[in-house]
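Heads up, the thing below is written out as structure tokens.
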Amino acid sequence: MPTVLNIVSPMDALPPPKMEGVDVKVFYGAKQALFDVSLPVRNRSVTAMIGPSGCGKSTFLRCLNRMNDVILGARVEGAITLDGQNVYDKTVDVVQLRARVGMVFQKPNPFPKSIYDNVAYGPRIHGLSANKAELDGIVETSLKKAGLWKEVADRLDQPGTGLSGGQQQRLCIARAIAVSPEVILMDEPCSALDPIATAIIEELIDELRQNFTIAIVTHSMQQAARVSQYTAFFHLGYLVEYGETRQIFTNPKEARTQAYITGRFG
Amino acid sequence: MAATDTVSTDRTPPSRGFGATERIQRARRAEAAFVGLGIVVTSVGAVTLMALLGGLLSDGWARLTPEFFGNFPSRRATQAGILAAWVGSLLVVLVCAFVAVPVGVAAGVYLEEYARRNWITDVIEINVNNLAGVPSIVYGLLALGVLVYGLGLGQSVATAGLTLALLILPIVIVATRESVRAVPYSIREAAYGVGATKWQVTSHHVLPYASPGISTGVIIGLSRALGETAPLVMIGALSFIAFLPTPPVRDSFPYISFQWLLDPFTVMPIQMFNWVSRPDPAFQANAAAAGLVLLVMTLAMNGFAIWFRIRMRSKIKW
């Protein structure tokens with residue numbers, strides 16, 4: 001992985017895109033959900049995607065790790081690159097892609113297994129550890145990075161579904177981190193959480209960008225403003241505007257962006 | 001009031017009081033009538049089962065001795081037992097489970113998780129559902145033609161087991177499909193999200209989480225197989241048999257024998273039917289006792305299914 005300076009000042013060059021959508025079109029059957037979206041997801045930073053319901057932001061996010069492949073009748077055109085390689089290329093294995101581009105979902109969805117087994121699942125199926133001690137290490141590190149270790153260290157054998165909603169979501173983040181992805185996709189990760197749990201996750205996202213590239217879909221514009229460095233505004237399947245978060249929220253170029261962030265629609 | 005065009009400015013309606021009106025009372029009576037009817041119709045099932053149990057108990061209780069379980073059938077009613085029948089039932093159900101469970105679960109999982117939705121799967125689905133309604137004697141006819149004569153398996157434990165497997169296959173398939181469908185989609189997404197293949201998602205997550213429902217369906221199916229008579233009469237189960245199938249273990253190499261699969265057999269319901277059809281009342285008592293044993297076996301299996309489902313459901317929480 002190339003090392004990139006993480007300083008984002010207006011005059012400096014922006015970090016290179018880790019992933020990039022190029023003229024992405026998505027169809028669900030005959031219905032087109034995305035129209036020619038071209039959007040970078042820059043290295044080791046947080047890119048937020050905002051817009052009203054049904055605007056295509058989640059659809060775009062799900063193209064990044066080809067989660068749409070599972071949906072019947074979904075078709076993607078255009079290119080999405082990871083380190084310059086088109087992930088929809090025939091030579092790309094979707095399972096390997098998802099190990100490199102992890103995902104955290106809207107509703108916390110831990111497996112009905114122990115906390116340990118939840119985090120260890122990914123490393124186990126990818127053979128990331130040679131022995132039990134190594135696996136223990138991965139589980140501990142992942143839970144620490146997800147800010148959950150202190151709360152669960154003494155009850156790793158308890159079911160993950162017994163945790164609170166916010167803890168469950170951090171468990172899901174730990175599960176995603178455990179396979180050492182390069183990119184983490186988050187699909188409205190806080191929409192099912194209370195404000196305190198949300199604040200904890202937002203802090204966590206800010207820490208995670210030291211090591212990971214993050215793309216997050218959110219319904220909350222405040223959240224986008226708080227956690228992201230770049231923001232993309234989607235509307236009716238089109239990418240309306242993309243830019244640095246500060247610019248989008250203080251000085252949007254498009255009238256529609258202006259209208260949305262000031263709450264006139266959406 | 002002087003003129004008709006003056007409208008009262010007092011908008012408060014007259015008080016309606018708190019007592020039940022005629023209309024409310026009528027609604028209440030209808031409800032009470034339904035509740036009464038409900039209690040009656042609900043108890044029909046329970047009372048019938050109780051009466052059945054009571055009848056069997058009073059007729060057959062005296063015959064439930066250890067010898068009854070350890071004796072072969074006999075011309076003398078008091079010496080006759082159900083040894084061949086319960087061993088036969090056990091072996092037949094064992095063969096049935098051994099075939100129906102893997103085939104049914106695999107078919108159910110394939111249909112639900114892998115098969116594309118098109119007219120072929122629609123046809124298969126309709127067929128599977130229809131098979132559940134085919135009279136069991138028709139399966140006997142099929143088995144007679146294909147298994148007994150076609151494959152030359154004869155009137156054996158294997159034939160009976162395979163026939164009953166065929167019979168309960170739709171039950172297992174439908175139970176599997178429903179349990180698999182009940183696993184939340186978000187769990188599958190979670191596994192895909194960390195880079196699991198479809199087979200890993202299915203075998204590591206979907207199947208284990210669906211297993212309580214699948215096992216319940218399997219047990220219900222097997223208890224149905226245990227009580228089935230018609231198809232076994234059709235394939236020619238013996239009703240008087242004074243020996244057991246070959247034991248599965250031998251004292252010489254290779255120590256394991258599958259000869260029992262090809263041995264003739266009888267099962268509990270057929271033994272019962274044989275006794276019922278005799279004029280001697282002593283044999284009627286035998287039939288009642290055998291019926292009691294069969295009923296207890298089936299109820300125990302169903303009870304186990306319920307207990308197992310509750311236990312597993314409490315373990316798996318989404």
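Excluded from the calculations below are hydrogen atoms, water molecules and symmetry mates; all remaining heavy atoms, backbone and side chain alike, are included. Because the structure is a prediction, the values reported are computed rather than measured. Every chain is numbered from 1, with letters handed out A, B, ... down the list of sequences.
Partners of A:R98 according to the side-chain hydrogen bond (donor to acceptor under 3.5 Å, both in side chains) rule, which considers only residues two or more places apart in sequence or in another chain, do not exist here. The side-chain contact (heavy atoms from CB on, under 4.5 Å) test applied to A:S191 returns A:Q106, A:E188, not counting sequence neighbours.
Side chain of A:N109 to backbone of B:I187: no donor-acceptor contact under 3.5 angstrom is found.
Residues of residues 189-207 of chain B lying within less than 4.5 angstrom of chain A, judged on heavy atoms, are B:E189, B:A190, B:A191, B:Y192, B:G193, B:V194, B:G195, B:A196, B:T197, B:Q200, B:H204, B:H205 in numerical order.
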Distance-only donor-acceptor hits, side chain of residues 101-109 of chain B, under 3.5 Å, sequence neighbours excluded:
none

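Other residues, nucleotides and ligands contribute over 12 non-hydrogen atoms within 6.0 Å of the CZ atom of A:F27. Within a 6.0 Å sphere centred on CD of A:Q96, other residues, nucleotides and ligands contribute 12 heavy atoms or fewer. The environment of B:F34 atom CZ is sparse: at most 12 non-hydrogen atoms of other residues, nucleotides or ligands sit within 6.0 angstrom. B:R117 CZ: more than 12 foreign heavy atoms inside a 6.0 Å radius.
A:R66 does not touch chain B: none of its heavy atoms, backbone or side chain, sits under 4.5 Å away.
For the set A:H126, A:M103, A:K107, the count of heavy-atom pairs under 4.5 angstrom toward chain B peaks at A:H126.
Side-chain atoms of A:F105 and B:S186, non-hydrogen and from C-beta on, never get closer than 4.5 Å to each other.
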